[in-house]
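Since we're looking at a predicted model, the values are computed, not measured. Sequence positions, counted from 1, serve as the residue numbers for this chain. Order of appearance sets the numbers: ligands from 1, and atoms from 1 within every ligand. All values below come from the heavy atoms of this structure, side chains included, with hydrogens, waters and symmetry mates left out.
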Amino acid sequence: MDNYGYFDDGAREFVITRPDTPWPWINYLGTDDFFSLISGTAGGYCFCRDARFRRILRYRYNGVPMDAGGRYFYIKDGGTVWNPGWKPCRTPLDSYECRHGMGYTRITGEKGDLRCSVLFFVPPGERCEIHRVTLSNTGKNQKRFQLYSFVEWCLWNAQTDLENFQRNLSTGEVEIEGNILYHKTEYRERRNHYAFYGVNRKFDGFDTDRDTFLGPYNGFDAPEQVLAGTSGNSTAHGWSPVASHRFDFELGPGETEELVFVLGYVENPPERKFSAPGVICKTGALRLMDLFGTAGKADDAFGRLRAYWAGILGRFQVRSGEPRLDRMVNIWNQYQCMVTFNMSRSASYFESGIGRGMGFRDSNQDLAGFVHQIPERARQRILDIAATQFPDGSCYHQYQPLTRRGNHDIGSGFNDDPLWLLFGTIAYIRETGDFGILEVPVPFDNRPGTEKSLLEHLQVSFDHVTRNLGPHGLPLIGRADWNDCLNLNCFSDNPDESFQTTENRTEGSRAESLMIAGLFVVEGKDFAELLERIKAPEERIGEVREAVRKMETAIREYGWDGEWFLRAYDFNGGKVGSRENAEGKIFIESQGWCTMARIGAEEGLCDKALDAAERLLGCEYGLVLNNPAFSSYRIEYGEISSYPEGYKENAGIFCHNNPWIIIGEVLASRADDAWDHYCRISPAFIRDQRLHKVEPYVYCQMVAGKDAPKPGEGKNSWLTGTAAWNWHAVTEYLLGIKPRYDGLLIEPCLPEGFGTYRVHRVFRDAEYDLTIHSSAPGKSRFIPYEPGKHSLELFL
Ligand code: BGC
Ligand code: NOJ
């Protein structure tokens, strides 16, 4: 197979063996509030806290050639100019390797007896990237060459940086002092932050003006200064500020040079911004240079990063006998869960970092994959999210991480949103036993004085559904449910309006959602259990149980189509996802949620729905979202029918909802089917990397479905609820390690061949080493929580 890389599980790395991957294969650096995206050729950018408002490096989405801009090192060796990451010069290398690891990327290139290896990482707790460069003469002769660094600054606001050129081209300002090149655009006015690119060695030349470095008509692949072996020693005034250092080297055979570059971001207190009029107070930069400015110090910081990740991943480790499953559980799925928790859907190579903030439903779902890693951060996230809710239980669909305020542009009206707060909070309490979070006062719409306990937020979330039922007693869908593109009240014939924000008919809608109905039953039961556990008033518990029972009845009566669950009722009360429809006869979401809710299980409805899902939605690469795909735009359905067949919500394989079916299969004790569904979408099982196109080590949101021109081609990698949902499905349902309020419930559901497997699970203040002999699904054992170390052997 024409592949581009392989897993090195021992090192917890994916190794890219050739730089021309079919799409840039990226990694994320950063754990706290400074984050970087870095591709296998060192493309990408970094930002502090908010990818839109505090963008540090400039990056051009949609550029030609793609993935232009990043942290580039150029080597000029005689007449040859090359980069260790191949791009931007694309000079053929004698060898190339990129190792994407946990929070770091190491790129090594070799050309003409010179090896250059660059380790990129963000040290935990600090706001900088370290670029640790090692140059070695691998030949037999003396070598004289030059090394250049290069980054291009973004003028902070990534949106206006792309738009407001009449201003931008006049604002750029820099300072040069010691070995550090500073970027201070707008520092003279309201900004108290600056960026810098420093190095631990005296440079032989520098540039801070892009046109001087590149030459006004050159691309990154032909910088004028590098080609000439010179530096312009330029000071940028307006136009486009950059940072480049030059070093003239001479290396004997076998000799090595090491440099440490620090690319950092510093905020100063407003009253201590300046050290002299107009001059940045630089102590923050100097502190970072001092912290990391020797190879030894950089190595220590890297050691701490490795230890950090070993600690996080070590909280859940499995040895199952199936290396691909272990690889996902122990390494890549957990890693991706951290990334989605940090980024939500804001910054990836498919999300520009300026469009979407933190999603209400997205962030709640992400919690399910993250809460076991750093529960305290999950706690804060829940409180932040809950504060963007309105008193009636509805909520802002998104909020900005910098301000934590709801995003007015998109507003509310997605009627599944409130239920996800139940989902996220319950996952958190099951993991931590922290019932105290329910008592924390949280405002509505961030308005001081409106605080109510988190428990009340959960209650208004639940009530929001029961207060918004349609003619069949099923939940009204609002603008959309989980499927943002099933816009049943939108009726848009105007290409200039967004499907996401338009609701052209609000009055008199009968549009109801079976997806929300199933979600309501699952979350409602869990909510009732929580209320019982905290000894809430009987009456309230009774109301919750009664509402759930009614919903189950409504689904059975009005939500069953004969062989599967309906998807919805449209504006006029017509069926969606029914055999009566010519297209879109069956949808995955309601099969997932209604089988997870076990609606009509005893009469065989769940088995039938799961069979139908496989029969009508199944293909080699997973289950598509709906079938048959919509072949033309349907104004009454909205964005879903705007996509060509087989893509995205129109019959793409939406990897996010495949695990819903996996869980449905597990609850029906259909272990083989559950496992089969998992293997089809799990990255570790990808065979054809060229076809898959995007990173083969993380889940992508969507793989082209059976109706697409190229089934199996992935898109929208990294930032997707798929990460958390697969984690949830695999660890809790296949491996069967379920956190519960008072302990762990062990309930595996794996195909026969698995036999015995081992799990190491840190749970609160306890560590469990479990050896599980599983013979048949459906058997379980409850292990009460008890602090300390426990080694247990279970026969199930
Ligand atoms: C996409 C959805 C996404 C939505 C969010 C749509 O264009 O197809 O997957 O949830 O935008 O804004
Ligand atoms: C991606 C969005 O982030 C998520 O909120 C939504 O549920 C899915 N697309 C499905 O439309």
Colleague: Going by ring pair (Phe, Tyr, Trp, His ring centres under 6.0 Å), H457 matches just one of F360, F390, F444. Which one?
Modeller: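 Testing each of F360, F390, F444 against H457, the sole residue satisfying ring pair (Phe, Tyr, Trp, His ring centres under 6.0 Å) is F444.
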Colleague: I need the minimum non-hydrogen distance between E583 and S632, along with the two atoms involved.
Modeller: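 For E583 and S632, the tightest heavy-atom pair comes out as OE1-N, 4.4 Å.
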Colleague: Indicate yes or no: at least one non-hydrogen side-chain atom of S642 is less than 4.5 angstrom from one of F499.
Modeller: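 In short, these two side chains touch, coming nearer than 4.5 Å.
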Colleague: What atoms of ligand 2 come within less than 4.0 Å of a heavy atom belonging to R361?
Modeller: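 This gives 4 (C), 5 (O), 6 (C), 7 (O) as the contact atoms.
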Colleague: For ligand 2, which part of H656 has a heavy atom less than 4.0 Å away: the side chain, the backbone, both, or neither?
Modeller: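 Under 4.0 Å from ligand 2, H656 contributes no heavy atoms.
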Colleague: Within the 4.0 Å heavy-atom shell around Q701, which atoms of ligand 2 are there?
Modeller: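 Counting atoms of ligand 2 from 1, those under 4.0 Å from Q701 are 1 (C), 9 (N).
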Colleague: Which residue from R361, H397, E649 reaches closest to atom 9 (O) of ligand 1 through any of its heavy atoms?
Modeller: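 Going through R361, H397, E649 one by one, E649 has the nearest heavy atom to atom 9 (O) of ligand 1.
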Colleague: Between Y643 and ligand 1, which part of the residue brings a heavy atom under 4.0 Å of the ligand: side chain, backbone, both or neither?
Modeller: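 It is the side chain that touches ligand 1; the backbone stays farther off.
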Colleague: W660 versus W482: any side-chain heavy-atom pair under 4.5 Å?
Modeller: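 SC-SC contact between W660 and W482 confirmed.
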Colleague: Given that the side chain starts at C-beta and the backbone is N, CA, C, O, which of these parts of D484 lies under 4.0 Å from ligand 2, counting heavy atoms, or is it both or neither?
Modeller: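 Both parts.
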Colleague: Can you tell me the protein heavy atom closest to atom 4 (C) of ligand 2 and the distance?
Modeller: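 Of every protein heavy atom, D362 OD1, 3.3 Å lies nearest to atom 4 (C) of ligand 2.
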Colleague: Provide, to 0.1 Å, the distance between atom 3 (O) of ligand 2 and the closest protein heavy atom, together with that atom's residue and name.
Modeller: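 Answer, as residue, atom name and distance: R356 NH2, 2.7 Å.
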Colleague: N483 heavy atoms, cut-off 4.0 Å: which ligand 2 atoms fall inside?
Modeller: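 In order of number, 11 (O).
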Colleague: Could you state the interatomic distance from OH (Y28) to CG (L37), rounded to the nearest 0.5 Å?
Modeller: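 The CG atom of L37 is 4.5 Å from OH of Y28, to the nearest 0.5 Å.
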Colleague: Please determine if R381 forms a cation-pi arrangement with F341, meaning its NZ or CZ atom is less than 6.0 Å from the six-membered ring centre and no more than 45° off the ring axis.
Modeller: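 So R381 does make the cation-pi contact.
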Colleague: What atoms of ligand 1 come within less than 4.0 Å of a heavy atom belonging to E639?
Modeller: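 Near E639, the atoms of ligand 1 are 6 (C), 7 (O), 8 (O).
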Colleague: I want to know whether H656 and Y699 have ring centres closer than 6.0 Å.
Modeller: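 Not under 6.0 Å, so no.
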Colleague: Any heavy atom of Q701 sitting closer than 4.0 Å to ligand 1?
Modeller: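 Right, Q701 reaches ligand 1.
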Colleague: Considering non-hydrogen atoms of the protein only, which is the closest contact for atom 7 (O) of ligand 2, and what is the distance?
Modeller: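 Result: W482 O, 2.5 Å.
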Colleague: Apply the side chain to side chain donor-acceptor pair (under 3.5 Å) test between D417 and each candidate in Q389, Q398, H397; give the one that qualifies.
Modeller: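 Of Q389, Q398, H397, side chain to side chain donor-acceptor pair (under 3.5 Å) with D417 is met by H397 alone.
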Colleague: If you count the atoms of ligand 2 from 1 in the order shown, which ones are under 4.0 Å from a heavy atom of E649?
Modeller: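 Listed by number with element: 9 (N), 10 (C), 11 (O).
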Colleague: Is any side-chain heavy atom of C700 less than 4.5 Å from a side-chain heavy atom of T722?
Modeller: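 The answer is no; the side chains never approach within 4.5 Å.
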Colleague: Within a distance under 4.0 Å of any heavy atom of Q500, pick out the atoms of ligand 1 and give their elements.
Modeller: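 Going through ligand 1 atom by atom, the ones under 4.0 Å from Q500 are 4 (C), 5 (C), 6 (C), 11 (O), 12 (O).
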